[in-house]
Peer 1: 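Questions regarding the structure given below will be posed in turn.
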Amino acid sequence: MGFVKEKFKIEDEKLLKFLTKTFNINEREAKKTVNRGRVGLNGERLKYYNQNYSGVLDIIYFKPEPRGIKPIFEIEDFAIFDKPSGIAIYPKGFAHSQTLLDDVRFLYGKDANLAHRLDKETSGLVIASKNKWSEKIIKTMFEDKKIQKYYLALVEGKITRELTINKPILTNSDLDIKMKVLIDKEGKNSKTIIIPIKTIGDNTLVIAKPLTGRQHQIRVHLYSIGHRIVGDPLYGVESKIADKYLKGELSQEDRIKFTGANRLMLHSNRINFNYNNRKYDIYSHQTFNSL
(Lines give C-alpha, C1' and ligand atoms only; values in the text may rest on other atoms or scores of the structure.)
Protein backbone atom coordinates (compact mmCIF):
# COMPACT_ATOMS: atom_id res chain seq x y z
CA MET A 1 0.00 0.00 0.00
CA GLY A 2 2.86 2.40 0.75
CA PHE A 3 1.89 5.85 2.03
CA VAL A 4 -1.71 6.41 3.13
CA LYS A 5 -3.60 9.39 4.50
CA GLU A 6 -5.79 8.63 7.49
CA LYS A 7 -7.70 10.66 10.07
CA PHE A 8 -6.84 10.68 13.79
CA LYS A 9 -8.67 12.47 16.58
CA ILE A 10 -6.58 14.63 18.93
CA GLU A 11 -7.86 16.43 22.03
CA ASP A 12 -5.80 19.24 23.57
CA GLU A 13 -2.52 17.37 23.28
CA LYS A 14 0.97 18.26 22.11
CA LEU A 15 1.44 17.08 18.55
CA LEU A 16 4.86 15.58 19.30
CA LYS A 17 3.49 13.45 22.14
CA PHE A 18 0.50 12.37 20.06
CA LEU A 19 2.65 11.20 17.15
CA THR A 20 5.18 9.27 19.25
CA LYS A 21 2.36 7.52 21.13
CA THR A 22 0.13 6.80 18.14
CA PHE A 23 2.82 5.51 15.79
CA ASN A 24 5.30 4.15 18.36
CA ILE A 25 8.11 6.31 17.01
CA ASN A 26 10.78 8.44 18.66
CA GLU A 27 10.70 12.23 18.82
CA ARG A 28 13.17 12.61 15.95
CA GLU A 29 10.92 10.59 13.62
CA ALA A 30 7.85 12.49 14.81
CA LYS A 31 9.51 15.84 14.08
CA LYS A 32 10.50 14.61 10.63
CA THR A 33 6.88 13.67 9.93
CA VAL A 34 5.78 17.22 10.75
CA ASN A 35 8.67 18.91 8.93
CA ARG A 36 7.88 16.95 5.76
CA GLY A 37 4.35 18.33 5.77
CA ARG A 38 2.64 15.02 6.49
CA VAL A 39 0.35 16.28 9.28
CA GLY A 40 -2.62 18.54 8.60
CA LEU A 41 -5.59 20.02 10.46
CA ASN A 42 -8.58 21.64 8.74
CA GLY A 43 -6.76 21.63 5.42
CA GLU A 44 -3.65 23.36 6.77
CA ARG A 45 -0.25 21.70 7.25
CA LEU A 46 0.88 21.85 10.86
CA LYS A 47 4.35 23.25 11.58
CA TYR A 48 4.66 23.28 15.38
CA TYR A 49 5.11 19.90 17.05
CA ASN A 50 5.27 21.32 20.61
CA GLN A 51 1.89 23.05 20.31
CA ASN A 52 -1.38 21.61 21.65
CA TYR A 53 -4.08 20.80 19.10
CA SER A 54 -7.67 19.57 19.11
CA GLY A 55 -9.69 18.20 16.23
CA VAL A 56 -9.22 15.61 13.49
CA LEU A 57 -5.72 15.30 12.03
CA ASP A 58 -4.95 14.18 8.50
CA ILE A 59 -1.70 12.21 8.70
CA ILE A 60 0.27 10.69 5.84
CA TYR A 61 2.32 7.69 6.94
CA PHE A 62 3.75 4.45 5.59
CA LYS A 63 1.37 1.54 6.13
CA PRO A 64 2.73 -1.79 4.90
CA GLU A 65 0.44 -4.10 2.96
CA PRO A 66 2.55 -7.17 2.14
CA ARG A 67 2.25 -9.35 -0.93
CA GLY A 68 3.61 -12.33 0.99
CA ILE A 69 7.13 -12.16 -0.45
CA LYS A 70 9.49 -14.04 1.87
CA PRO A 71 13.29 -13.80 2.05
CA ILE A 72 15.35 -16.62 0.59
CA PHE A 73 18.04 -16.07 3.23
CA GLU A 74 18.31 -14.15 6.49
CA ILE A 75 20.38 -13.65 9.62
CA GLU A 76 19.83 -11.36 12.60
CA ASP A 77 20.94 -8.18 10.80
CA PHE A 78 19.74 -8.59 7.22
CA ALA A 79 17.60 -10.59 4.81
CA ILE A 80 17.89 -11.24 1.08
CA PHE A 81 14.80 -11.19 -1.12
CA ASP A 82 14.38 -12.59 -4.64
CA LYS A 83 12.22 -9.82 -6.11
CA PRO A 84 9.88 -10.63 -9.01
CA SER A 85 9.85 -8.35 -12.05
CA GLY A 86 7.21 -5.63 -11.95
CA ILE A 87 7.46 -4.85 -8.23
CA ALA A 88 9.04 -1.55 -7.21
CA ILE A 89 11.49 -1.30 -4.31
CA TYR A 90 10.04 1.90 -2.81
CA PRO A 91 6.72 3.73 -3.24
CA LYS A 92 6.89 6.63 -5.67
CA GLY A 93 5.97 9.77 -3.77
CA PHE A 94 2.80 9.07 -1.81
CA ALA A 95 1.46 6.56 -4.32
CA HIS A 96 -0.84 3.88 -2.93
CA SER A 97 1.02 0.96 -4.50
CA GLN A 98 2.50 -2.20 -3.05
CA THR A 99 6.29 -2.33 -3.06
CA LEU A 100 8.94 -4.64 -1.67
CA LEU A 101 9.30 -2.23 1.25
CA ASP A 102 5.79 -3.23 2.35
CA ASP A 103 6.93 -6.82 2.88
CA VAL A 104 10.20 -5.78 4.51
CA ARG A 105 8.53 -3.44 7.03
CA PHE A 106 5.72 -5.95 7.68
CA LEU A 107 8.23 -8.68 8.54
CA TYR A 108 10.87 -6.69 10.41
CA GLY A 109 9.33 -3.41 11.58
CA LYS A 110 9.64 0.28 10.85
CA ASP A 111 13.45 0.40 11.17
CA ALA A 112 13.95 -2.16 8.40
CA ASN A 113 14.86 -0.86 4.95
CA LEU A 114 16.17 -1.82 1.52
CA ALA A 115 19.94 -1.32 1.47
CA HIS A 116 20.16 -0.67 -2.29
CA ARG A 117 17.93 -0.21 -5.33
CA LEU A 118 16.81 -2.45 -8.15
CA ASP A 119 14.75 -1.23 -11.11
CA LYS A 120 11.07 -2.16 -10.96
CA GLU A 121 11.33 -4.39 -14.03
CA THR A 122 14.62 -6.00 -12.98
CA SER A 123 14.07 -9.17 -10.99
CA GLY A 124 16.37 -10.83 -8.50
CA LEU A 125 18.35 -10.37 -5.33
CA VAL A 126 17.93 -7.40 -2.99
CA ILE A 127 19.43 -6.95 0.49
CA ALA A 128 17.16 -5.64 3.25
CA SER A 129 18.63 -4.40 6.54
CA LYS A 130 16.65 -5.20 9.68
CA ASN A 131 17.79 -2.22 11.76
CA LYS A 132 19.39 1.21 11.42
CA TRP A 133 22.80 -0.07 12.49
CA SER A 134 23.03 -2.79 9.84
CA GLU A 135 21.55 -0.42 7.23
CA LYS A 136 24.42 2.00 7.74
CA ILE A 137 27.02 -0.79 7.54
CA ILE A 138 25.60 -2.37 4.37
CA LYS A 139 25.13 0.95 2.57
CA THR A 140 28.73 1.86 3.43
CA MET A 141 29.85 -1.49 2.03
CA PHE A 142 28.11 -0.65 -1.25
CA GLU A 143 29.76 2.78 -1.32
CA ASP A 144 33.16 1.17 -0.69
CA LYS A 145 32.52 -1.43 -3.43
CA LYS A 146 32.73 -4.31 -0.97
CA ILE A 147 29.59 -5.96 -2.31
CA GLN A 148 29.65 -7.54 -5.76
CA LYS A 149 26.50 -8.16 -7.78
CA TYR A 150 26.12 -10.31 -10.89
CA TYR A 151 23.26 -10.09 -13.38
CA LEU A 152 21.91 -12.28 -16.15
CA ALA A 153 20.82 -10.40 -19.27
CA LEU A 154 19.41 -11.50 -22.59
CA VAL A 155 20.72 -9.06 -25.20
CA GLU A 156 20.15 -8.48 -28.88
CA GLY A 157 22.89 -9.67 -31.24
CA LYS A 158 25.79 -12.01 -30.69
CA ILE A 159 28.59 -11.47 -28.18
CA THR A 160 31.38 -14.01 -28.51
CA ARG A 161 34.02 -12.76 -26.07
CA GLU A 162 34.33 -11.09 -22.70
CA LEU A 163 33.98 -7.30 -22.85
CA THR A 164 34.76 -4.44 -20.51
CA ILE A 165 32.55 -1.39 -21.02
CA ASN A 166 34.15 1.68 -19.47
CA LYS A 167 31.98 4.66 -20.36
CA PRO A 168 30.90 7.63 -18.18
CA ILE A 169 27.19 7.94 -17.42
CA LEU A 170 25.40 11.26 -17.06
CA THR A 171 21.98 11.93 -15.56
CA ASN A 172 20.45 14.64 -17.75
CA SER A 173 17.10 16.19 -16.82
CA ASP A 174 16.96 17.85 -20.27
CA LEU A 175 16.27 14.52 -21.98
CA ASP A 176 12.80 13.98 -23.46
CA ILE A 177 12.43 10.90 -21.25
CA LYS A 178 13.46 12.11 -17.78
CA MET A 179 14.16 8.64 -16.39
CA LYS A 180 16.86 7.92 -18.95
CA VAL A 181 20.60 8.43 -18.56
CA LEU A 182 23.18 8.79 -21.31
CA ILE A 183 26.80 8.11 -22.11
CA ASP A 184 28.64 11.43 -21.88
CA LYS A 185 32.22 12.48 -21.15
CA GLU A 186 30.87 14.82 -18.46
CA GLY A 187 29.29 11.88 -16.63
CA LYS A 188 30.50 9.73 -13.75
CA ASN A 189 33.02 6.96 -14.28
CA SER A 190 31.16 3.69 -14.92
CA LYS A 191 32.47 0.20 -15.62
CA THR A 192 30.75 -3.08 -16.49
CA ILE A 193 32.20 -6.47 -17.38
CA ILE A 194 30.15 -8.57 -19.82
CA ILE A 195 30.70 -12.34 -20.07
CA PRO A 196 28.82 -14.30 -22.77
CA ILE A 197 27.24 -17.60 -21.74
CA LYS A 198 25.42 -18.83 -24.84
CA THR A 199 23.62 -17.65 -27.96
CA ILE A 200 19.85 -18.07 -28.16
CA GLY A 201 18.75 -17.51 -31.74
CA ASP A 202 19.80 -13.97 -32.64
CA ASN A 203 20.33 -13.06 -28.96
CA THR A 204 23.02 -13.74 -26.37
CA LEU A 205 22.65 -14.66 -22.72
CA VAL A 206 25.36 -12.85 -20.75
CA ILE A 207 26.58 -12.27 -17.21
CA ALA A 208 26.88 -8.56 -16.43
CA LYS A 209 29.20 -7.61 -13.57
CA PRO A 210 28.90 -3.89 -12.71
CA LEU A 211 31.99 -2.50 -10.96
CA THR A 212 30.22 0.80 -10.28
CA GLY A 213 26.61 1.44 -9.31
CA ARG A 214 25.10 4.03 -11.62
CA GLN A 215 21.42 4.34 -12.51
CA HIS A 216 20.53 2.06 -15.46
CA GLN A 217 24.24 1.26 -15.82
CA ILE A 218 23.95 -2.20 -17.36
CA ARG A 219 21.08 -1.14 -19.62
CA VAL A 220 22.76 1.95 -21.08
CA HIS A 221 26.19 0.31 -21.30
CA LEU A 222 24.89 -2.63 -23.34
CA TYR A 223 22.78 -0.35 -25.53
CA SER A 224 25.82 1.85 -26.17
CA ILE A 225 27.71 -1.05 -27.77
CA GLY A 226 24.77 -2.16 -29.92
CA HIS A 227 23.45 -4.93 -27.67
CA ARG A 228 20.22 -3.63 -26.18
CA ILE A 229 18.65 -5.76 -23.46
CA VAL A 230 15.61 -7.60 -24.81
CA GLY A 231 12.40 -6.09 -23.46
CA ASP A 232 13.90 -2.70 -22.58
CA PRO A 233 11.17 -0.05 -23.04
CA LEU A 234 13.49 2.95 -22.57
CA TYR A 235 16.72 2.34 -24.44
CA GLY A 236 16.71 1.56 -28.15
CA VAL A 237 13.04 2.41 -28.77
CA GLU A 238 11.38 5.55 -30.10
CA SER A 239 10.60 8.25 -27.54
CA LYS A 240 6.85 7.86 -28.12
CA ILE A 241 7.08 4.16 -27.12
CA ALA A 242 9.09 4.97 -23.99
CA ASP A 243 6.63 7.73 -23.12
CA LYS A 244 3.67 5.38 -23.52
CA TYR A 245 5.38 2.82 -21.30
CA LEU A 246 6.05 5.36 -18.53
CA LYS A 247 2.42 6.52 -18.67
CA GLY A 248 1.18 2.94 -18.43
CA GLU A 249 -0.40 3.19 -21.88
CA LEU A 250 1.73 0.59 -23.73
CA SER A 251 -0.24 -2.61 -24.32
CA GLN A 252 1.36 -6.00 -23.79
CA GLU A 253 1.02 -6.67 -27.51
CA ASP A 254 2.88 -3.46 -28.43
CA ARG A 255 5.41 -4.02 -25.65
CA ILE A 256 6.40 -7.36 -27.19
CA LYS A 257 6.25 -5.93 -30.72
CA PHE A 258 8.54 -2.96 -30.05
CA THR A 259 10.87 -4.32 -27.33
CA GLY A 260 10.96 -8.08 -27.95
CA ALA A 261 9.51 -9.22 -24.60
CA ASN A 262 6.80 -8.41 -22.07
CA ARG A 263 9.41 -7.44 -19.45
CA LEU A 264 13.01 -6.31 -19.15
CA MET A 265 15.20 -9.40 -19.50
CA LEU A 266 17.59 -8.45 -16.71
CA HIS A 267 17.93 -10.47 -13.51
CA SER A 268 20.08 -9.94 -10.40
CA ASN A 269 21.33 -13.51 -10.12
CA ARG A 270 24.14 -13.51 -7.55
CA ILE A 271 25.54 -11.34 -4.77
CA ASN A 272 28.59 -11.87 -2.57
CA PHE A 273 30.23 -10.00 0.30
CA ASN A 274 31.81 -10.36 3.73
CA TYR A 275 29.80 -9.30 6.78
CA ASN A 276 31.15 -9.52 10.34
CA ASN A 277 34.05 -11.70 9.14
CA ARG A 278 31.77 -14.20 7.44
CA LYS A 279 31.54 -14.66 3.67
CA TYR A 280 28.16 -14.78 1.94
CA ASP A 281 27.67 -15.89 -1.65
CA ILE A 282 23.95 -15.96 -2.48
CA TYR A 283 22.34 -17.13 -5.72
CA SER A 284 18.81 -16.39 -6.93
CA HIS A 285 16.20 -19.13 -6.64
CA GLN A 286 14.73 -18.04 -9.95
CA THR A 287 16.10 -19.36 -13.21
CA PHE A 288 16.44 -17.25 -16.34
CA ASN A 289 14.23 -19.66 -18.28
CA SER A 290 11.36 -18.78 -15.94
CA LEU A 291 11.67 -15.02 -16.34
Side-chain angles (χ1 to χ4, degrees), residues 83-90 92 116-126 142 148-159 162-197 200 202-248 250 254-271 284 286 288 291:
K83 185 184 82 68
S85 174
I87 295 178
I89 294 287
Y90 295 108
K92 186 177 181 180
H116 59 113
R117 292 181 178 272
L118 201 63
D119 290 345
K120 180 179 179 178
E121 286 217 358
T122 303
S123 55
L125 303 180
V126 186
F142 271 109
Q148 181 60 61
K149 296 187 290 181
Y150 301 82
Y151 292 76
L152 289 175
L154 184 66
V155 303
E156 294 177 343
K158 294 185 179 181
I159 298 177
E162 182 175 319
L163 305 171
T164 298
I165 307 172
N166 195 347
K167 297 183 179 183
I169 293 175
L170 178 67
T171 301
N172 190 337
S173 59
D174 292 331
L175 290 173
D176 291 338
I177 305 300
K178 304 302 182 186
M179 280 187 64
K180 292 176 69 172
V181 299
L182 69 159
I183 303 297
D184 191 283
K185 63 181 180 180
E186 300 298 325
K188 294 181 179 179
N189 176 56
S190 308
K191 191 174 183 179
T192 308
I193 295 173
I194 303 297
I195 304 169
I197 300 175
I200 303 174
D202 294 327
N203 302 322
T204 306
L205 180 64
V206 303
I207 294 172
K209 181 181 177 183
L211 301 184
T212 49
R214 312 301 179 203
Q215 179 183 339
H216 293 181
Q217 177 174 318
I218 297 172
R219 298 167 69 174
V220 73
H221 267 178
L222 282 164
Y223 171 60
S224 75
I225 62 169
H227 295 285
R228 186 182 72 94
I229 297 177
V230 175
D232 196 328
L234 295 180
Y235 298 95
V237 297
E238 293 182 13
S239 293
K240 64 180 181 179
I241 299 300
D243 187 55
K244 273 191 171 184
Y245 161 75
L246 292 173
K247 291 178 178 177
L250 189 66
D254 281 346
R255 173 72 188 268
I256 294 170
K257 176 182 177 181
F258 291 108
T259 74
N262 63 359
R263 57 150 290 184
L264 179 70
M265 299 301 279
L266 181 64
H267 179 65
S268 176
N269 183 59
R270 178 187 176 192
I271 193 164
S284 169
Q286 301 181 55
F288 200 79
L291 299 182

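It should be emphasised that the depicted structure is a prediction, and the values quoted were computed from it without experimental measurement.
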Peer 1: For a quick check under 3.5 Å, do Tyr151 and Gln217 share a side-chain donor-acceptor pair by atom type?
Peer 2: no
Peer 1: Measure the CG-OH distance between Asp254 and Tyr245 for me, rounded to the nearest 0.5 Å.
Peer 2: 15.0 Å
Peer 1: Side chains of His227 and Thr204: any donor to acceptor distance under 3.5 Å?
Peer 2: no
Peer 1: Could you walk me through whether Ile169 and His221 pass side chain to side chain contact (heavy atoms under 4.5 Å, CB included), step by step?
Peer 2: CA-CA 9 Å; Ile169 293 175; His221 267 178; 3.9 Å; yes
Peer 1: Which heavy atom of Val206 sits nearest a heavy atom of Pro196, and at what distance?
Peer 2: CG1-CA, 4.0 Å
Peer 1: What are the two closest non-hydrogen atoms of Arg263 and Leu266, and how far apart are they?
Peer 2: NH2-O, 3.0 Å
Peer 1: Angle class for the Tyr223/Tyr235 ring planes (parallel below 30°, perpendicular above 60°, tilted otherwise)?
Peer 2: tilted
Peer 1: Does Lys83 use its side chain to pair, donor to acceptor, with the backbone of Glu121 at less than 3.5 Å?
Peer 2: no
Peer 1: Taking all non-hydrogen atoms of both residues into account, name the closest pair between Ser190 and Thr212 and its distance.
Peer 2: CA-OG1, 3.2 Å
Peer 1: Could you check if a side-chain atom of Asn189 sits within less than 4.5 angstrom of a side-chain atom of Asn166, using non-hydrogen atoms only?
Peer 2: yes
Peer 1: Less than 4.5 Å apart, side chain to side chain, heavy atoms only: is that true for Leu152 and Ile197?
Peer 2: yes
Peer 1: Considering non-hydrogen atoms only, spot the tightest contact between Ala261 and Val230 and give its length.
Peer 2: CB-CG1, 3.8 Å
Peer 1: Using side-chain heavy atoms (C-beta onward) and a distance below 4.5 Å, is Ile225 in contact with Lys167?
Peer 2: yes
Peer 1: Between Arg214 and Leu170, is there a donor-acceptor pair closer than 3.5 Å when you use the side chain of the first and the backbone of the second?
Peer 2: no
Peer 1: Is there any salt bridge (charged side-chain N to carboxylate O under 4.0 Å, His left out) pair reaching into residues 148-159, and which pairs are they, with sequence neighbours excluded?
Peer 2: Glu156-Arg228
Peer 1: Does Ile229 reach the side chain of Leu154, with side-chain heavy atoms less than 4.5 Å apart?
Peer 2: no
Peer 1: Donor-acceptor check, side chain of Ser284 to backbone of Leu125, threshold 3.5 angstrom: yes or no?
Peer 2: no
Peer 1: What I'd like to find out is whether the side chain of Phe258 reaches to under 4.5 Å of the side chain of Glu238, using heavy atoms alone.
Peer 2: no
Peer 1: Rounded at 0.5 Å granularity, tell me how far CG in Asp243 sits from CG in Leu234.
Peer 2: 10.5 Å
Peer 1: If we only count heavy atoms from C-beta on, is the Leu264 to Lys120 side-chain gap below 4.5 Å?
Peer 2: no
Peer 1: Just checking, is any N or O donor in the side chain of Arg219 or Thr122 under 3.5 Å from an acceptor N or O on the other one?
Peer 2: no
Peer 1: So does Pro210 get a backbone contact from the side chain of Gln148, meaning a donor-acceptor N/O pair under 3.5 Å?
Peer 2: yes
Peer 1: Counting only N and O atoms by type, is there a donor-acceptor contact under 3.5 Å from the side chain of Thr259 to the main-chain atoms of Asp232?
Peer 2: no
Peer 1: Is there a donor-acceptor pair under 3.5 Å between the side chain of His216 and the backbone N or O of Lys180?
Peer 2: no
Peer 1: Can you tell me how far CD1 of Ile241 sits from CG of Leu250, rounded to the nearest 0.5 angstrom?
Peer 2: 6.0 Å
Peer 1: What's the separation between atom CD1 in Ile207 and atom CG in Leu205, rounded to the nearest 0.5 Å?
Peer 2: 8.0 Å
